[in-house]
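So that the names make sense, note that chain A is the first sequence line, chain B the second, and so on, each numbered from 1.
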Amino acid sequence: MMELSDIVNKAIQIGEKKNITQIEAYAFRGRMRNVYVENSDIHLTTNNSWVGLGVKSVLDKRVGFMSGVVSSDNDIEKLVDGSISLAKLSPEDKEFVSLPTGKKVSSSSTIGFDKELLNLPIEELVSFAKTIVNHAEKDGIKVMNGLVRINDYTFHVVNSLGVDATHSGTFMFVHYSTKIEKSEGVEKAYSARFKDLDPVAIGEELYRKTMLALNAKPFKGTKTVTAIIKPVELEGMINSSISVAVNGEHVNKKRSPWVGKLNQAVASDLLTIKDNPSLPEGPRSSPIDDEGVPTKEKALIEKGILKSYVFDSYNGNIAKVGSTGNGFRRGTRSIEDAYQSQATCRPSNLEIIPGNKTLDQLISEVKFGVIIEKFAAPNVDGITGNFGLEIRSAVLIENGELTQPIKHALLIGNFYKGLMSIFGVAKEARLAENVKTPAIGFEGFQLVGK
Amino acid sequence: MENIDIQQAVEYAKELGVEFADIRYEQRSFLSIQIVNGSIRSINNALKNGISIRVLKDGAWGYTSTTNLSREQLKKSIEHAVTLAKISSEKLSTKKKLELPVKSITKKVSADMKINPADISLEEKIKYLLELDDIQRKYDARIINSNVRYTESLLRVQLVNTSGSLLEWEEPRISLVFVTFAKENEKLQYAYHPITGSAGYELVNQLDPSDVGIIAARDAVNLLSAKKPPSGSLTVIADPSISGLLAHEVMGHASEGDEIVKRRSFLTDAVGKIVASELITMVDDGTIKGAYGSIPFDSEGTPSSRTVIIEKGVYKGYMHNLETATIMGVEPTGNGRAQDFNRRVWVRMTNTFFESGDWDLDEIISDTKEGILAMKAISGMEDPVGGGFESRALMGYTIENGEKKDLIRSFTLTGNALEILKTVDAVSKDFKLDGGFCGKGEEDWVPVTTGGAYLRAKIIVGGG
């Protein structure tokens, strides 16, 4: 088995002999273990492993990138030569300044890595998957699909300007769906640590959500409501809006709705969001980003005020602020193609600071509203902030009490405007993908029945 | 292909006592060029080779994949796949023996390309893309950001199985996508225009740059002054991108055999029933020449085919892979697809669409007293359980007394798919397929097309 350090060092050596200006090599060894459940039973168990290399070569301001899997020295040479050929053929990128320079990063960090997850026997993973089924399947509920996935990986990034950094990480992803009559329940769970995920609790939550969907009735009419959105659905809305608005490339290209709004209010003062690469359970937790730049915790929004964007080195140089340690290639659910692309501006993990009130207290303060359990797909138009989302499962709130479960309705609004009208941020936070958030209540969205 | 003896490997799997095994060796090359604001943002070239090993033993599947192409690793991966199948099997509540209907086929299919993109120099491609970007960027002073993304890929597959099949095939794909942003005061809008196909470079160089380069730019600029859409239950003329989402996301996903065998789909037991207006015929067809979702064989080596799902309003049948076809006692339809060697094979669509009808689009518009024309889908979500339809349109027009009136900005279309399809009273001759990628369970992306004809139906509109 080739060591990643040998792969990247060889790549750099080959490149430096060919009179290029700068070179970066990013080697990635990944393993993905999946247990798939179909129709209540274990259906398929997989073990996928790969080693890949991405090479970026720079000739003055001409940049070439080539990637591929690596199983021999010849593959490394082919990829380096290919990236140099692309650089030679490319016109100058006038905006390119430099690859990042080397900075010392603590090598003893185990942020984002869990030995227990790495070494978990596949038999235990299969039992974990089956335990969820056993605790969800009550009162006629059937598990239709299930996935329990463990990703583990190591990457090593080296460049000709002194960057030489490596990181190993793990994370687990669980996604199940159930059916009873014509209703569906869906539950997802995420963590970089095995100890955070309890199959019994996941199964019981799946049961609760399925029963809620079963008892839901179509909503009729149109009302302006207070909408409390639960974490798993809120993640999708946040990643399709705030993650777009703070993305340094979108800012540089003037595509972000938050261009020029640093130190201005973009949200209610109840909202504070941190980019937190040290979140113990976060899938993108690591002391370095995928360019080898040290990561750091920073406020993106502090009490409603926009404090920072996120930059990779390319865009940070254009903006003359440098990289913020946010050049990522790794996904937050799977990591298969990390070596295949250049780093781009992305948050590490987003952490929304919890409020002082419990979810129950927030609910008790709502005169008329809705608490969202499940949208069809929680996507916001990141450019305009507009959304119109189909509610698959929610519960009405009337005079501070949860009343009727509902479905077949749309929640309509503008998410950026909604951020300015936050009614409350709950105390209890949970992780969904790379976003750790409590439920948040928004004023002024429209609930439209069918 | 490199000299990897996967035939010998599958014989080894047989020796380990599997009921079935297949081994797929994939070599994938990929080039993307991204132009932003007149400059090259990135040129990526990727090579991704790997082997997947799938075994069926004691009623359960074990699956491994590796990028280490050594003989020793291949042997280990086969043994590990067998171990995984055994572990899964031990947890099965009911053990079923699957007699997969695998026919032994030996065939080689080469890519159907007039111009191999590999024969066109990178300089020529870049020059052409910069010209296209220049046209869109200079369309109007309000354009603040222009993007052109070109991708070409070639997938080479070699597949063997324990039934004696030996297949080799190629799948070429090419795409060109324009995305333009326009701004005026505080208003920011964007639009897109995709061109996709399973073809060679001829798909790209036959275009007229001055035509194709301005489409997204024009839409983005026009959207700056677009009005808020009306809402309620409206007469909607859905363009092929929207009608295609209805075909794909709701009717298509619910017609995938795995959703039927576990009775998850709202279309379980629907064969022979009237599910739509008699004007509706819907198919999944992986054999359409040049379409982005076309495949010679699926990832299990079954030849692709045309599956009629709805014929003149009557529900006809489902799409299958080997396993679901076995369970339901029918022939596989060539819909067992995997994203790549790292991913599972399950029932997936290819090119899924509503067949064209008798109306010209202009006739449908002039025949509509009051309604909207919905254009350019930007999102949609599957709902095989409930049969709910949700799609977001980027833009559209109001229609009053048979004429297109005001441009309207993005809005959501929703409703029950079967109720919508029963209200269809006009289907266009105009026919278009849009290529893209389809996920199932929010991942496992495979290339597909959706689309077909314009449909006129009653649909709920909201969310401007």
Undergrad: Going from OH on B:Tyr63 to OG1 on A:Thr46, what distance comes out if it is rounded to the nearest 0.5 angstrom?
TA: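 If I round to the nearest 0.5 Å, the distance is 7.5 Å.
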Undergrad: Report which part of A:Asp381 has an atom under 4.5 Å of a heavy atom belonging to chain B: side chain, backbone, both, or neither.
TA: side chain
Undergrad: Given heavy-atom pairs under 4.5 angstrom as the criterion, report whether the side chain, backbone, both or neither of A:Gln446 touches chain B.
TA: neither
Undergrad: I need the minimum non-hydrogen distance between B:Thr64 and A:Asn48, along with the two atoms involved.
TA: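 Distance-wise, the nearest heavy atoms are C-ND2, 4.3 Å.
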Undergrad: Using a 4.5 angstrom heavy-atom cutoff, name the option from A:Ser334, A:Pro91, A:Gly64 with the most pairs to chain B.
TA: A:Pro91
Undergrad: Heavy-atom pairs under 4.5 Å with chain A: which of B:Ile40, B:Asn68, B:Val261 has the most?
TA: B:Ile40
Undergrad: Give the minimum heavy-atom separation between A:Gln340 and B:Ala46, together with the two atoms involved.
TA: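 Answer, listing the atom of A:Gln340 first, then B:Ala46: NE2-CB, 3.5 Å.
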Undergrad: Is it the backbone or the side chain of A:Asn315 that comes under 4.5 Å from a heavy atom of chain B, or both, or neither?
TA: side chain
Undergrad: Output the distance between atom OG (B:Ser42) and atom CG (A:Asp93), rounded to the nearest 0.5 Å.
TA: 9.5 Å
Undergrad: Are B:Trp61 and A:Thr45 side-chain neighbours, meaning at least one heavy-atom pair lies under 4.5 Å?
TA: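 They are not in contact (no side-chain heavy atoms under 4.5 Å apart), so the answer is no.
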Undergrad: Do A:Met66 and B:Leu47 pass the side chain to side chain contact (heavy atoms under 4.5 Å, CB included) test, and can you show the C-alpha distance, the side-chain angles, and the key distance before you say yes or no?
TA: CA-CA 8 Å; A:Met66 188 154 181; B:Leu47 304 169; 3.6 Å; yes
Undergrad: Any chance you could measure A:Leu89, atom CG, to B:Ile126, atom CD1, to the nearest 0.5 Å?
TA: 7.0 Å
Undergrad: What is the distance from atom OG of B:Ser88 to atom OH of A:Tyr36, rounded to the nearest 0.5 Å?
TA: 12.0 Å
Undergrad: Please classify the contact of A:Arg31 with chain B as side chain, backbone, both or neither, using a heavy-atom distance under 4.5 Å.
TA: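 For A:Arg31, no heavy atom lies under 4.5 Å from chain B.
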Undergrad: Would you mind telling me which of B:Asn342, B:Leu130, B:Leu92, B:Ile43 has the largest number of heavy-atom pairs within less than 4.5 Å of chain A?
TA: B:Asn342
Undergrad: Relative to chain B, which of A:Met2, A:Lys254, A:Glu249 shows the most heavy atom pairs under 4.5 Å?
TA: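 Of the options given, most contacts go to A:Glu249.
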Undergrad: Heavy-atom pairs under 4.5 Å with chain B: which of A:Lys130, A:Glu38, A:Lys94 has the most?
TA: A:Glu38
Undergrad: Please state whether the side chain, the backbone, both or neither of B:Glu419 comes within less than 4.5 Å of a heavy atom of chain A.
TA: neither
Undergrad: Picking from B:Glu382, B:Glu442, B:Lys187, B:Glu186, which has the most non-hydrogen pairs under 4.5 angstrom with chain A?
TA: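 Greatest number of close heavy-atom pairs with chain A: B:Glu442.
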Undergrad: I'd like to know if A:Asp337 and B:Lys48 make a salt bridge, using a cut-off of under 4.0 Å between side-chain N and carboxylate O.
TA: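 Salt bridge: yes.
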Undergrad: Quick check on A:Leu411 against chain B: is it the side chain, the backbone, both or neither that has a heavy atom closer than 4.5 Å?
TA: neither
Undergrad: Need one label for A:Arg33: side chain, backbone, both or neither, based on atoms under 4.5 Å from any heavy atom in chain B.
TA: neither
Undergrad: Counting only non-hydrogen atoms closer than 4.5 Å, does A:Lys253 touch chain B with its backbone (N, CA, C, O), its side chain (CB onward), both, or neither?
TA: both
Undergrad: Where on B:Arg263 is there a heavy atom nearer than 4.5 Å to chain A: the side chain, the backbone, both, or neither?
TA: backbone
Undergrad: Could you check whether A:Lys88 pairs with B:Glu123 (Lys NZ or Arg NE/NH1/NH2 to Asp/Glu carboxylate O, under 4.0 Å)?
TA: no
Undergrad: Heavy-atom distances under 4.5 Å only: say whether A:Ser177 touches chain B with side chain, backbone, both or neither.
TA: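 Only the side chain of A:Ser177 comes within 4.5 Å of chain B.
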Undergrad: Ion pair present between B:Arg41 and A:Glu95, side-chain N to carboxylate O less than 4.0 angstrom?
TA: no
Undergrad: In terms of heavy-atom proximity below 4.5 Å to chain B, should A:Met144 be classed as side chain, backbone, both, or neither?
TA: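 Both parts, heavy atoms under 4.5 Å.
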Undergrad: Measure the spacing between CG of A:Leu79 and CG of B:Asn45 and express it to the nearest 0.5 Å.
TA: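 A:Leu79 CG to B:Asn45 CG: 9.0 Å, rounded to 0.5 Å.
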Undergrad: Does the side chain of A:Arg255 come under 3.5 Å of the side chain of B:Asn147 through a donor N or O and an acceptor N or O?
TA: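 The answer is yes; a qualifying pair exists.
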Undergrad: Please name the pair of heavy atoms, one in A:Thr384 and one in B:Leu188, separated by the smallest distance, quoted to 0.1 Å.
TA: CG2-O, 3.6 Å
Undergrad: Please look at A:Phe96 and chain B and tell me whether the side chain, the backbone, both or neither of the residue comes under 4.5 angstrom of a heavy atom of that chain.
TA: neither
Undergrad: Is the shortest distance from a Lys or Arg side-chain nitrogen in A:Asp41 or B:Lys91 to a carboxylate oxygen in the other one below 4.0 Å?
TA: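 Judged by the 4.0 Å cut-off on N to carboxylate O distance, A:Asp41 and B:Lys91 do not form a salt bridge.
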Undergrad: Select, from B:Met381, B:Arg344, B:His80, the one with the greatest count of heavy-atom pairs under 4.5 Å involving chain A.
TA: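 Going by pairs under 4.5 Å, I would pick B:Arg344.
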Undergrad: As an exercise: rank B:Glu323, B:Glu259, B:Arg54, B:Arg28 by heavy-atom pairs under 4.5 Å with chain A and give me the winner.
TA: B:Glu323
Undergrad: Working to the nearest 0.5 Å, report the span between CZ of B:Arg392 and CG of A:Asn386.
TA: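 The CZ atom of B:Arg392 sits 5.5 Å away from the CG atom of A:Asn386.
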Undergrad: How about B:Asn44 and A:Gln342: does a side-chain donor come under 3.5 Å of a side-chain acceptor?
TA: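 Their side chains do contain a donor-acceptor pair, which is all the 3.5 Å distance test asks for.
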Undergrad: Identify which of A:Ile42, A:Val63, A:Leu44, A:Val126 forms the greatest number of heavy-atom pairs closer than 4.5 Å to chain B.
TA: A:Leu44
Undergrad: Which residues satisfy the side-chain hydrogen bond (donor to acceptor under 3.5 Å, both in side chains) test with A:His175, sequence neighbours excluded?
TA: none
Undergrad: I'd like to know if the side chain of B:Glu390 reaches the main chain of A:Glu390, judged simply by a donor and an acceptor atom lying under 3.5 Å from each other, with no hydrogens or angles considered.
TA: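 Side chain of B:Glu390 to backbone of A:Glu390: a pair is present.
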Undergrad: Any side-chain heavy atom of B:Arg264 sitting closer than 4.5 Å to one from A:Asn145?
TA: yes
Undergrad: What's the verdict on side chain to side chain contact (heavy atoms under 4.5 Å, CB included) for B:Thr412 and A:Ile412, showing C-alpha distance, side-chain angles and the deciding distance?
TA: CA-CA 9 Å; B:Thr412 300; A:Ile412 294 171; 5.9 Å; no
Undergrad: How about B:Arg343 and A:Glu336: do any of their side-chain heavy atoms sit closer than 4.5 Å?
TA: yes
Undergrad: If I measure from the heavy atoms of chain A, does B:Tyr190 come under 4.5 Å with its side chain, its backbone, both, or neither?
TA: side chain
Undergrad: Could you pull out all residues at least two apart from A:Asn379 that satisfy side-chain hydrogen bond (donor to acceptor under 3.5 Å, both in side chains)?
TA: none
Undergrad: By a 4.5 Å heavy-atom criterion (distance strictly below it), what part of B:Asn37 contacts chain A: side chain, backbone, both, or neither?
TA: side chain
Undergrad: If you apply the rule side chain to side chain contact (heavy atoms under 4.5 Å, CB included), what do you find for A:Lys179 with B:Lys262, and how did you get there?
TA: CA-CA 10 Å; A:Lys179 187 185 173 199; B:Lys262 60 193 174 200; over 6 Å; no
Undergrad: Could you walk me through whether B:Glu443 and A:Arg149 pass side chain to side chain contact (heavy atoms under 4.5 Å, CB included), step by step?
TA: CA-CA 13 Å; B:Glu443 53 182 29; A:Arg149 169 176 300 154; 2.6 Å; yes
Undergrad: Would you name the heavy atoms of B:Phe181 and A:Ile383 that are closest together and state the gap between them?
TA: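 Reported closest heavy-atom pair: CE2-CD1, 3.3 Å.
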